[in-house]
Amino acid sequence: MKNFEYAGADTVERATMLCAENGTKAIAGGTNLIDLMKLQVETPARLVDLNSIDDRRIEEEEGGLRIGALASNTAVAVDQRIRSDYPVLAKAILAGATQQLRNKASVGGNLGQRTRCFYFTNIDQPCNKRDPGSGCGALTGVARIHAILGASRHCIATYPGDMAVAMAALDAQVELSGLANKSRMVAVRDFHRCPGYTPELDNILEPGELVVAVHLPAPVGGTQLYRKVRERSSYAFALCSVAAIVDVKRGKIARADLAFGSIAPKPWVDQRLTQLLVGEKPNMALFEKAADILVDGARGVGDNDYKIPLVRRTLIATLCEATEI
Ligand code: SF4
């Protein structure tokens, strides 16, 4: 690990001012950043510790909930209001990492976690995300965990997390604060970026801008599921995942909010699925059609081709479970 300066910030305003300076990174739980610093993938000249900022509360607001960015993943997953009204979020968080990591990891940090692409984390390998213009090792290398949707010829990495997938299904909003206290709200669905020509940019944060909270909408009810397919049953990233909020009323689907993890550079939402499903009677032919739409345009690079049938089957299984057919 390279030497770095350490600075504390006890207000968002001071943190944004410090983080706007080149070579500066914010740290909260550090469960991803410290690993990357040990590997010299991240080499910040200065870390700004956010932990003295008093914003780890989970508070009711306008029928929904505001979750402070410094709330731990564990605090969110065990909150009784989240367990009862937003179970998809509690399930997604508990499907990720380990208890020790969830105790340390913050909500803001979880949104900002970086890809687990093997070439990104190995500084001896080419990687356009880590070193723009150096090439993409995964395109011709080991790409088993990589994206089948939303990728570009410059990067095929996935966003690896679980929490944000559930937040995307819930259509949660991220509250950001930038220089001079400039605030804005962005849908979780729009927070992460597809790589295009600039894979080094994971998300839409401006220099100095920080996540200060996530806002959940009023509870929507329905059956809420998080199905995660992985190579072992704990402490493993998803090969694909589905967050589903599905409600059936009088024999017809009244709500079908879906988001997918680990198949794209961001939590993947395809509104065509909701449009197809809502108003219809649940049945296997309908679910097969939804799965076809989801993977329409999906493309692997060989190693990850298996994800196309895998996410199809995972979606169908999740819809069958949610609608009890
Ligand atoms: Fe780097 Fe993206 Fe290619 Fe992985 S897939 S090596 S993160 S450019």
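Start at 1 and go down the list; that is how both ligands and their atoms are numbered.
A salt bridge is defined here as a Lys NZ or Arg NE, NH1 or NH2 lying under 4.0 Å from an Asp or Glu carboxylate O, and Glu280 with Lys289 fails to meet this definition. With respect to the salt-bridge test (charged N to carboxylate O, under 4.0 angstrom), the residues Asp49 and Lys25 do not qualify. By the 4.0 Å N-to-carboxylate-O rule, Lys129 lies close enough to Asp202 to be salt-bridged with it. Using a cut-off of 4.0 Å between Lys/Arg side-chain N and Asp/Glu carboxylate O, Arg130 and Glu42 are scored as not salt-bridged. Between Arg227 and Glu321 a salt bridge is recorded (basic side-chain N to carboxylate O distance below 4.0 Å). A salt bridge links Arg312 to Asp292: one of the charged nitrogens lies within less than 4.0 Å of a carboxylate oxygen.
Distance from atom 2 (Fe) of ligand 1 to its nearest protein heavy atom, with residue and atom name: Cys155 SG, 2.4 Å. Atom 7 (S) of ligand 1 has Cys127 SG, 3.5 Å as its closest protein atom, hydrogens excluded (heavy atom only). What sits closest to atom 5 (S) of ligand 1 on the protein, heavy atoms only, is Ile156 N, 3.2 Å.
Remark: of the listed residues Asp270, Leu294, Leu319, Leu319 is the sole one forming a side-chain contact (heavy atoms from CB on, under 4.5 Å) with Leu258.
For the ligand labelled ligand 1, residue His154 lies inside the 4.0 Å heavy-atom shell.
One of the N, O or S atoms belonging to Cys117 lies under 2.8 Å away from atom 4 (Fe) of ligand 1.
Residue Gly137 has at least one heavy-atom neighbour below 4.0 Å for each of these atoms of ligand 1: 6 (S). Remark: ligand 1 atoms within the under-4.0 Å shell around heavy atoms of Tyr119 are 6 (S). Of all the atoms in ligand 1, the ones that sit under 4.0 Å from a non-hydrogen atom of Phe120 are 7 (S). Using a 4.0 Å cut-off to heavy atoms of Ala138, the atoms of ligand 1 that qualify are 5 (S), 6 (S). Listed by number with element, the atoms of ligand 1 under 4.0 angstrom from any heavy atom of Cys136 are 3 (Fe), 5 (S), 6 (S), 8 (S).
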